[in-house]
Number of protein chains: 4
Amino acid sequence: MTQAPRRKRANGVESRQRILDATVEIAGERGYDGTSIAAVSAKCGLPASSIYWHFKDKDDLIAAVIERSFETWLTAVELPGEGAGAPLERMTAMAANIAKSLVDAPDFLRLGLMLALERRPTEPRGRTVFLQVRDISRRRIAELLQGLFPDLDAPDLATLTTYTVAGADGLFVQREVAGDDVDLVALFEMHARMVYEAAARLSRAASPAAPCGD
Amino acid sequence: MTQAPRRKRANGVESRQRILDATVEIAGERGYDGTSIAAVSAKCGLPASSIYWHFKDKDDLIAAVIERSFETWLTAVELPGEGAGAPLERMTAMAANIAKSLVDAPDFLRLGLMLALERRPTEPRGRTVFLQVRDISRRRIAELLQGLFPDLDAPDLATLTTYTVAGADGLFVQREVAGDDVDLVALFEMHARMVYEAAARLSRAASPAAPCGD
Amino acid sequence: MTQAPRRKRANGVESRQRILDATVEIAGERGYDGTSIAAVSAKCGLPASSIYWHFKDKDDLIAAVIERSFETWLTAVELPGEGAGAPLERMTAMAANIAKSLVDAPDFLRLGLMLALERRPTEPRGRTVFLQVRDISRRRIAELLQGLFPDLDAPDLATLTTYTVAGADGLFVQREVAGDDVDLVALFEMHARMVYEAAARLSRAASPAAPCGD
Amino acid sequence: MTQAPRRKRANGVESRQRILDATVEIAGERGYDGTSIAAVSAKCGLPASSIYWHFKDKDDLIAAVIERSFETWLTAVELPGEGAGAPLERMTAMAANIAKSLVDAPDFLRLGLMLALERRPTEPRGRTVFLQVRDISRRRIAELLQGLFPDLDAPDLATLTTYTVAGADGLFVQREVAGDDVDLVALFEMHARMVYEAAARLSRAASPAAPCGD
DNA sequence: TATGAATGAGACTTCATTCAT
DNA sequence: AATGAATGAAGTCTCATTCAT
């Protein structure tokens with residue numbers, strides 16, 4: 001603090017961040033194979049060999065990117081208090097929140113989906129990591145649904161969770177393809193409502209009584 | 001067996017097919033950058049230089065793959081008579097049909113989605129082609145919905161179509177990730193039902209009357 | 001004549017010309033290695049394999065180009081009666097004539113010089129041919145000089161001939177490099193005058209007498 | 001012998017030189033297209049990929065060769081004091097000097113002329129560089145002539161300079177083609193004399209007086 | 001007389017990675 | 001904590017040429 005550190009003095013943490021920043025951007029745009037160490041090096045300004053000082057290999061780098069992106073994304077999503085309001089309102093609010101975070105930082109999910117779709121003989125660790133963190137999200141959604149609709153039986157809950165996640169993924173793709181024409185927030189809210197109705201219906205079926213209307 | 005083909009009898013059409021066959025498989029598993037001409041050459045048995053006789057370059061090859069795959073997929077999907085039955089039944093039947101075709105030949109959509117997600121400076125022609133043929137599908141879905149629910153206004157129709165396509169994409173991804181655990185046919189049918197109900201609801205809102213129940 | 005030959009009916013002679021035309025142009029611009037059979041094929045519209053029907057191989061093709069170009073160039077140059085007028089006028093007239101032909105069809109000499117400058121282990125036949133036809137020109141110049149200055153002794157004649165040819169080559173290069181700014185005709189005329197004066201001087205030295213001035 | 005260098009001690013500067021050395025030799029013999037990176041790699045002992053560490057691409061490599069060769073050549077030519085002696089003697093001395101340097105290191109001019117003669121759609125940077133450095137030489141000749149013949153008017157000076165350079169190029173080509181039979185030094189001296197006489201004549205014409213004789 | 005298709009060699013270039021400093 | 005230099009493998013694509021029709 002007293003000695004105003006000579007900028008550019010070797011700073012491991014900052015270099016690591018710069019590398020990761022460059023990598024999300026490139027990998028988020030071009031996928032695993034499309035991401036070359038040389039391109040990352042060019043974008044972050046550090047020589048390729050420095051990247052290997054921070055990361056074991058390309059696989060490791062991509063995996064680290066997925067990890068860090070997920071954490072960033074998670075904190076962006078979880079800020080708002082989850083507990084308040086009526087069920088439907090809570091669900092649409094959360095959906096809107098997630099939609100916003102995806103619009104702001106689409107690289108994470110874009111890269112993740114690209115990795116997820118690939119089917120190569122030796123699976124990149126980044127893919128594994130993505131599928132793991134994605135499973136965390138999935139579990140959280142399942143818990144939420146179960147909290148709101150305690151009567152749902154296990155298979156229905158699983159199906160509904162799958163459907164929820166699928167809708168999110170699909171709508172995200174839609175926006176990536178069609179661009180800003182697509183109002184992701186509105187679509188996510190609609191998706192939340194549809195899931196809500198389906199859950200209510202299934203719930204009703206499981207525990208009888210309750211007339212029409214919602 | 002009778003004809004013992006004098007090895008290497010030039011046959012352009014068949015070679016072209018063999019190249020395309022090899023390419024769908026590889027590109028469907030590894031995406032654009034992951035598809036090396038050498039790998040295609042190894043899989044189809046023709047030397048790399050022969051591939052360049054049939055296709056201008058890699059871009060051209062991938063684009064051709066998308067084109068042919070779409071046509072194949074389309075004929076596989078469209079066979080069943082579209083006209084019969086009650087609206088809901090027709091929709092679920094179609095959904096099931098599409099789901100089946102995707103389970104049988106997932107390469108087309110997998111590759112297409114990978115291409116669609118990429119955002120590289122110079123867009124591969126394959127991506128453009130995929131987005132075009134995808135738009136054809138989209139229009140067909142819109143027409144179907146409009147046929148079944150003539151009261152839907154334009155914005156609702158557009159939103160619903162987007163939602164329908166998104167659900168299909170998302171569920172497909174889900175299955176790609178989770179494997180055979182996911183019953184794609186059942187999920188597509190469920191999706192069809194949910195879209196149906198939403199369409200009915202929106203339709204009812206547009207032209208009043210009609211009580212609860214379906 | 002009666003039967004207006006269906007254009008495009010297989011015509012060996014014409015095809016050969018088309019191939020040669022395409023080749024002069026390309027080889028004149030890019031040299032031996034820079035001339036690919038594919039490029040020639042593209043420019044003349046015939047498939048590569050057809051080129052091999054007319055010419056044994058690339059070497060043969062280039063050599064044929066040199067041969068034909070030289071003949072064309074020679075007839076263009078030799079038309080005017082060589083015999084008329086005073087010595088100096090005859091020389092400048094010829095020089096101007098040659099300059100004009102080089103401006104009109106520079107491909108021959110450009111390609112020839114490129115070939116001549118190369119020094120590859122296995123010399124292209126085109127180079128040999130060029131050096132041969134070039135020697136014909138050289139001999140003709142020597143004869144001309146000897147005709148005009150019979151007193152020149154053999155070594156002087158050789159040197160003067162070399163100098164004459166060198167000047168022509170060099171001025172041609174100059175024009176190729178600087179473009180139309182260079183008035184090749186004027187420079188060739190000047191070159192002719194300088195050679196003339198030098199020849200006169202050397203001639204005078206060999207056989208004494210003859211006052212100052214020309 | 002004492003230091004037995006632990007093979008493969010990274011040394012950028014020396015490697016760069018080795019690559020350039022190999023390239024002049026090959027490119028000077030076979031031109032731009034005839035120079036393959038593989039051949040350079042074989043001649044200099046470094047793998048092809050290492051060449052790309054030092055040079056962006058083939059174009060860059062050839063351009064660097066031209067630059068370095070010109071500098072080398074320039075220092076070889078300029079050593080002798082330019083100022084001494086009578087005009088004609090100074091000119092012939094310089095000419096002889098240049099001739100000697102060209103006999104010793106013909107690669108530079110040979111490659112340069114090959115590049116200069118080519119006319120490809122996208123001009124190699126090496127060609128541009130050659131034409132630039134060549135223009136420096138041209139200017140120097142013009143200055144020399146003007147210094148010796150201050151009465152020459154601008155157009156005459158330009159023409160004479162062009163003629164001087166052209167003669168040098170042409171004689172060089174002559175020697176390249178005919179081999180050691182051609183005494184380049186003698187021819188260059190003769191060229192210098194002829195240019196001198198022409199300059200004197202033109203100079204005399206510009207500022208009258210002075211009888212016949214030389 | 002011509003050509004569609006094929007082919008191995010080799011072109012240029014980029015890749016991921018390592019190593020000595 | 002970092003980097004200049006090197007490297008073998010692999011990338012895309014073009015080469016000259018052949019062959020069956």
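Throughout, protein chains are lettered first and strands after them, A, B, ... in sequence-line order, and every chain is numbered starting at 1.
Judged by distance alone, with hydrogens and angles left aside, the side-chain atoms of Arg18(A) form a donor-acceptor pair with the main-chain N or O of Cys44(A) at under 3.5 Å. The backbone N or O of Glu118(C) sits less than 3.5 Å from a side-chain atom of Arg127(C), completing a donor-acceptor pair. Side chain of Arg30(A) to main chain of Arg120(B): no donor-acceptor pair is present (N/O by atom type, distance under 3.5 Å, no hydrogens or angles).
Under the 3.5 Å distance criterion, with hydrogens and angles disregarded, no donor-acceptor pair is assigned to the side chains of Tyr32(C) and Asp33(D).
Counting heavy atoms from C-beta outward, Ile51(C) and Thr23(C) have side chains that stay 4.5 Å or more apart. Side-chain atoms of Ser69(B) and Asp107(B), non-hydrogen and from C-beta on, never get closer than 4.5 Å to each other.
Atom C1' of nucleotide dA5(E) and atom CD of Gln17(B) are separated by 16 Å, given to the nearest angstrom. In this structure, CD1 of Ile19(C) is placed 12 Å from P of dT1(E), rounded to the nearest angstrom. As rounded to whole Å, 8 Å separates atom P of dA6(F) from atom CZ of Arg18(D). In this entry the distance linking CG of Asn11(C) with C1' of dT1(E) reads 10 Å, nearest Å. Summarising the geometry, the separation between CZ on Arg16(D) and P on dG4(F) is reported as 15 Å, rounded to the nearest angstrom. Between the CZ atom of Phe55(B) and the P atom of dA6(E) there is a distance of 11 Å, given to the nearest Å. Straight-line distance from the CH2 atom of Trp53(C) to the C1' atom of dT21(F): 15 Å, rounded to whole Å.
Every stem involving DNA chain F, taken as at least 3 paired positions in a row under the Watson-Crick or G-U wobble test at 3.5 Å, is listed here: E:2-21 with F:2-21.
Here Phe70(D) and Phe130(D) keep their ring centres 6.0 angstrom or further from each other.
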| Run the salt bridge (Lys or Arg N to Asp or Glu O under 4.0 Å) check on Glu25(C) and Lys43(C) step by step: do they pass? | CA-CA 9 Å; Glu25(C) 217 172 314; Lys43(C) 172 151 281 182; 3.2 Å; yes
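Between His54(C) and dT1(E), a side-chain N or O to OP1/OP2 separation shorter than 4.0 Å is absent.
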| Once each nucleotide of nucleotides 13-19 of chain E is scored for protein heavy atoms under 4.0 Å, what B/S/- sequence comes out, 5' to 3'? | BBSSBBB
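Remark: of the listed residues Leu61(D), Val13(D), Asp60(D), Ile19(D), Ile19(D) is the sole one forming a side chain to side chain contact (heavy atoms under 4.5 Å, CB included) with His54(D).
Residue-to-nucleotide proximity on DNA chain E shows that, of Ser15(B) and Leu46(C), the 5′-proximal contact is made by Leu46(C).
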